[in-house]
Structure formats: C-alpha cells, structure tokens
Amino acid sequence: MADFRTEVFQNEFLSDGATDVHAIVTVTSSGAGTAASSGGGVAEIVIIDTSGSMSGPNIEAAKYAAQVAVDQIADGTWFAVIGGSHVANRAFPYPNAPVAIVQMEPGAREEAKRAISFMRPSGGTAMSTWLRLADAIFAMVPQAAQKHAILLTDGRNESEPRAELSKAISDVTGHFQCDARGVGSSWEVAELREIATALLGTVDLIRNPADIAEDFKALVNESMSKGVADAELRVWAPQGAQVLFVRRVAPTVEDITSRRTEVNALTGAFPTGAWGDESRDYHVAIRVPSKPVGSEQLAARVQIAVGGDVLASGLVKARWSDDSSLTARINPEVAHYTGQAELASVIQEGLAAKASGDEATATVKLGRAVQLAAETGNEEATSRLRRVVEIDDEEKGTVRLKRNADKLDEMALDTASTKTTRVRR
Amino acid sequence: MVTCPSCGTVAADGSAFCEHCGTALGASAPAAVAVLETPDEPATPVCRSCGGTIAPDGYCEHCGELAVSARDHWTELPSPLVGGVCDKGRRKSRNEDAMALAVVGTTAVLVVCDGVSNIPDSDVASLAASRAARDVLATAEPQTVSSWSALLITAAAAADQAIADAVGDMTGRAEPPSCTFVATVVDGPTVVAGWLGDSRAYWIPDEGDSHQISVDDSAANEMIARGIPRARAEASREGHAITRWLGPDAETVVPQTATTRAQGPGWVLVVSDGLWNYCSEAADVADLLHRTAEKVGPSPDAIAGELVRWANEQGGHDNITAALARVAAPFDTVQTEETVSAQSAPPAA
C-alpha cells in the first residue's frame, strides 16, 4: 500500500475579527506500485474519432497511435477499442464477439491491432455516444478497481446539442477516468475540458498527428503506473464553519468544491482518482466564526482516504492575534496559487472574449494574465501568451492583441491555462 | 523512563513531545517533581468548549477547539470550603502559574506561584515550588501564629530547593527559571500569609472592609510608597518588575509574613497578577468576589472558575490563578495583634 503524507502551508495568524483561513496542502504519495499490483485489475479503453473529418493523415496517425497504445497495455489488463462518429462502434473486441471487453494477452494484442487497421472514417461527431458506450463496456468488469479511457478527436461535437454531451458526462462521472486529446485546430477546447475535468483526466492539444503515438504511449504508461486506484480528499471543518472552496492547484488548477459528497455532517469527500508516486497541491479556504484574540482552534483537517481509511491528515489552524507583524504576513504558497488560479481564469476569459469579438475585454484579461504569469514565475504561460499578444509592459500588464495569431497557439494557450508551476522553495 | 513534566504521562523512549498534552520533553525535564495529580481527568479527553471528543491530533472533533492540557488549566478542591483554578489565560503560550492546595484537619493551605514570563522551565519551577511549599505546610502540627510564620519561611526555602531540584543544572543558563511565591495558612479565624513577589493574598469578609494581606515586592509598590497613585504605578511599564522571587538567582528567599484575624465569616483569596491586573484594590476585589459568589454559589472551585473566566473576558493577557478558602465560625471576640511583622502591616483598605 502506498504511503501518503501531507504538508500544510498557511499563515495561521488572523487579526481580531478575521474569519477566513487559507491553506495550501501538499499531498504526496510514495510506494504506490503499479496499477497491475493494485488488485482487482485495470481496464483501459481507447476511443478514436472516426468521423469523416478524420480522413487523411489524422486517421492514419490515430490508428497508428491506438496500435502503439495497445502495445503498451500490460498483459492481464481488461481492454477495448472504440471508434466514434455520430454513433459509437466497438472496434475491438469485434462487434460480433460474445464479450465486450477482454484481457490483454499476445494473441488479443495482435488481433486488436488488426481490428484498428480496419477502422474507416465516416459520419459526424456525437461524443456522448462514445462516453456512454465506454461506460457500458466498463460496466462489464465491475471487478476492475481502476478504469481509464483515452479519447481522441479532431473536431467539434457537431452532431448533437451540447446539452447531450453534458448529460452523458454527468451520467458517467465517477465511473471511469478519461484523458481527452484534440488533434489539429478544429476541435473545441471547452468540450474536451468539460470531459477531462469531470472524469479526473487531462486535456491537451496535439499539434502534429505524428505526435499522437508518443502521447498515447505516455498516457497508457502513466495509467499503468498508478498503483492507488481511487483516493479521496476529505475536508473536515468545525461546527459552524463554512468551506469556502476546495481547489486542486497543482499540477493543474481545478475547483472541486461542488464535487463534495458527505462523509458526515462536518466532513466532505472529494474524488481525486488514481494516484501513482506523485504530489498534488490543494488550496482550502474555510470561514470560521471569529474568536477573541489569543484563541486557537482547528479550522480544517485535510485528509487522504483510500477505501474509507484515512491515510494522512494535515491540520489547518486559526490563531487570533493582535500582533500585526504576524497577521499581515501572506503565506507565499497561498499567494502563489491564488495568482495561478486567477491566471487560469483570465486566460480562459480573455480568449473567450477574443473569440466573441470583444477585443477590449480580451486585451485587459490577457494583459492581466501576462502580469500574473510574470509575478508567479510561470514562464511557460508567458511564452504561450507571447504567441497570442504583443507584450508592451510585462509588469503593468500592457499588451496588444496579435492580429494574425495562429489558432493553434490560442488553443495551446487555452488548454494549458490550468497548468501551474510550483512555488520555488 | 521519561515522564511528562506537565501532565505526568509516561512517554515512549525517544519521544520529543508528550503524546497526551504536547509538552516538549527536554532531556533534563524533571520527572517526579512536576507530576500533576488530576484524578478528575476523564480517560477520554473531552472538549471544554462543546463537550465533544478530543481527536488524537489534539483538537475537538466537533468544534475544533484546541484541547487544553492538564498543565494549562486545572481545578483543585481539597474540601468543600477550599478550592482554586489555575489557567493559561488567552495570550500566553504556556501556563507558568501554579497552585497547590491542601486541607489538614481544620487548617487550609493555599500556595500560588507565578513563573517569571518567557524563561524556559518557569512553568516547571512554579509547579515544583508550589507543591513543595504546600507539602511543608500540610504536614505540620497545629501551630501558633508565630510558628506558622516561621513555617512559612521554611516552606519558601523548601520551594526554592524544589526549583533547584526540578530544573537541574543552571550552568550555561542566561536566565534561570524563577517564580513568585505566596502561601497562606488559614487556621480557624487566623490567616497567616508569606510571600515573595507580587502574587497576592486578600482577606475579604462577608461584611466590613477587605484588605490585601500581602504587600507586593514590586517596583510599583516602591512607587506607591513614593506617593504615586496605585493605578498609575501598577499600569506603568516598570511597575510589574518584582523585587523578590524564588529561584537560583534570588538574592533572598525569606518571605515577608503577615497575619490577619477574622472577626466574622469571609474568604481568603490568593491570586496571581493575571487576575489582579484587572481588579486590584481590595474593595474592588471584594465587590467582584461577592458578585461572583452571588452568581455561581458558594463553592470555592465554582467561584475561582468564574473569576478566571472573568479575567479571560477582560483579555486574559497573563496566566490566571485564583484560590479561595472559606473562613467560618467559630470566632473569638478578643482583639489580637493583627500583624506579626512590623514591615508588612496590611495597608488600610
């Protein structure tokens, strides 16, 4: 079993009358082992867009990537391959096979690669059907402790109303994890982000079809390396307190407040998916009733639980003081991630404004993004922003929109907007 | 075996902190001397604020209140007429006050020591001192006034020795731990007090004028002696400096003593400056005590608890200790010499 530990970064001192406690909790797992060792088994489904738009180099690259992924899937892993257009089709096991999902072994691997080579592009795009078929196939292996899908598309979800996709995402949430990838510049970042966010995965842009295989290989390897199938973050707050928000802030920003399920009246659980040997940061904000100067109390217990057992606990404290040299101090971790969270939202809002023709708002928002990226030392964000805006003054956030910015550069900025840098310690 | 100097819990070998109360377990921490007897403490710690269960992390599972260690807050009630509360207060990080109470036959013993702020082990020193003094006074045979006074001097010497035993080697310490001392013996209507420093004993009759039995060994008092008004002297920055104390760097450990003979029922109240900082004049203390007794009833532990709560409400800037003994009938009607020490006549109330 993996070891989890927590580390809490906060300024626990509050001034007289203050109520809000902010803390960054770093959760680190070690000795997680591999997915194969987690017991109960692992299930992996590869979903490839086979709509008509994929014709040409995209489909060939996608098929090759799917075959590479199949090569990476370890023997014994339950797996299936789906081709998706305006309907979803099981490519492997073959549609006429008696079972919907099989365990990997050398024979199945060869046959699956052959099945993938037969995939042909045609039709539209309705991703809800892809997710629902994957969900139905995963349901065949309830014993699998860890279920993971890779979804690749090159286009918009044009064959159905957006609400259909949202409904499907919400129906399958909690059943499996899904990493979503878009190739080229015709897909919609918001759609894939919605899928990946709800299904505890990542979203990314693949500029060049030739790079799909490498990405798939990495995704499968990553999935195979996660020895803890499902961990939950628990946040206890005292009677009378209010959890203002719970955000994952590293490696990417994600507000998870609304995903709370109740453990007991004072404790909420938030799904975090599978864990390998890794470290994630969470920003927790709690509002507690103010107490007299000199009082100390616990504002939150932030815990990691696996299978209902709490494996690590971090304490977030509140101490009221009239010493302003203590209370005025802003914790560097809290400040850093507050900035990074704002960075993600101003990038997304700025690009949305630009897409809708509101150049004034876009300029202000992206200017603020440039400023925040510089302040928080997020050099990758700065270099991505540079491709979309001309920076006049980094410190003041003065920018001009580039007239001929590449659509791919805007999408890369958008998909990567939630990626954070860690605090330099 | 290592025992926690605060709460007496036996610690696992090699632990740096007490598992029970979180006190740092220094290598030189004294074992037996500072063990606190808390027979009333329940097996499962209960939150003082809401009654919830205290989690192993030291905070209430329900309201998040920090659990208070036995060293930070405790109550003693050796008889229904003698009791006290010792409390960390709100602002200090440690409780450096200590008290030790006893009742032998009809004699009550109240000892309060206030460890000098922010010197390491002052909390250990004050607890060791108060208990050593109590033990000397509680094992004595019935006494005359003058022999009680002599015994108070012996008790102070024993308290000083207990500090030396408790804190160990003083070499290399810039500031050795030290504490104030006030011990009061209530033997029928006779009240004999001995003190070093500014922890106080008051005589508060149910009717008639109250007075402070002890006379602070403080810079403030020297100022008062020079004619500066009491309120101003006590509020001054240097006013709180004490001129005598117990501990390795004390110049003298012979307490001043004073005796009062009760003419009617009343209370002997022994307090640290954590209380009298908010209420100093004897008449004001009497008002506060009478109001408090009206509110919570005649039990000395309840009165002391309410006085401590009140001082916390005023800000709780320092550790707070209040201990009381009830003086009841019989009273002889013969007027006797009120003081035995010429230098320590109680000030007019």
Side-chain angles (χ1 to χ4, degrees), chain A residues 5-8 10 12-16 19-21 23 25 234-243 263-268 284 286-305 309-324 326-327, chain B residues 6 17 19 21-24 45-69 71-73 86-97 117-118 272-275 277-278 306 308-321:
Chain A
R5 60 193 167 79
T6 60
E7 220 178 333
V8 178
Q10 66 161 145
E12 63 202 53
F13 292 101
L14 300 180
S15 58
D16 194 9
T19 55
D20 293 359
V21 185
V25 181
R234 290 186 180 182
V235 177
W236 171 95
Q239 178 74 27
Q242 180 193 355
V243 177
V263 176
N264 57 50
L266 301 177
T267 311
V284 176
I286 312 283
R287 179 164 293 165
V288 291
S290 180
K291 288 198 168 179
V293 166
S295 307
E296 170 175 349
Q297 80 157 92
L298 196 61
R301 291 182 175 95
V302 180
Q303 304 170 322
I304 276 285
D309 295 328
V310 173
L311 299 184
S313 183
L315 303 182
V316 179
K317 296 171 188 175
R319 292 173 69 181
W320 284 268
S321 168
D322 53 9
D323 181 347
S324 59
L326 295 175
T327 58
Chain B
S6 279
F17 294 93
E19 209 166 296
C21 71
T23 298
V46 168
C47 174
R48 283 206 302 148
S49 181
C50 76
T53 310
I54 299 296
D57 58 29
Y59 294 87
C60 176
E61 281 179 354
H62 189 69
C63 73
E65 184 86 7
L66 178 65
V68 176
S69 80
R71 182 67 184 87
D72 285 347
H73 179 99
C86 183
D87 184 84
K88 183 164 78 77
R90 276 188 181 153
R91 301 299 187 93
K92 290 289 172 84
S93 59
R94 289 191 302 176
N95 183 12
E96 291 164 338
D97 272 12
S117 271
N118 305 325
S272 66
D273 60 351
L275 185 83
N277 273 333
Y278 302 113
E306 179 62 17
V308 164
R309 198 196 61 73
W310 176 84
N312 271 320
E313 211 172 77
Q314 308 309 304
H317 280 84
D318 205 344
N319 310 140
I320 306 155
T321 306

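Please read all numbers here as calculations on a predicted model, not as lab measurements. Below, read A as the first sequence line, B as the second, and so on, with proteins coming before strands; counting in each chain starts at 1.
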> With rounding to the nearest 0.5 angstrom, report the OG to CZ distance, B/Ser93 to A/Arg319.
7.5 Å

> Keeping to residues at least two apart or across chains, list the salt bridge (charged side-chain N to carboxylate O under 4.0 Å, His left out) pairs with something in residues 49-63 of chain B.
A/Arg301-B/Asp57

> What heavy-atom pair brings B/Cys63 and A/Pro238 nearest, and what distance separates the two atoms?
O-CB, 3.2 Å

> I need the A/Asp323 CG to B/Arg91 CZ distance, nearest 0.5 Å.
10.0 Å

> Checking B/Cys50 against chain A: side chain, backbone, both or neither under 4.5 Å from a heavy atom?
neither

> Nearest 0.5 Å please: distance from the NZ atom of A/Lys291 over to the CD atom of B/Glu65.
4.0 Å

> More than 12 foreign heavy atoms under 6.0 Å from CZ of B/Arg309: is that the case here?
yes

> Could you tell me which non-hydrogen atom of A/Gln297 sits nearest to which non-hydrogen atom of B/Tyr59, and how far apart they are?
C-CE2, 4.0 Å

> Measuring from A/Trp236:CH2 to B/His62:NE2, what's the distance to the nearest 0.5 Å?
9.0 Å

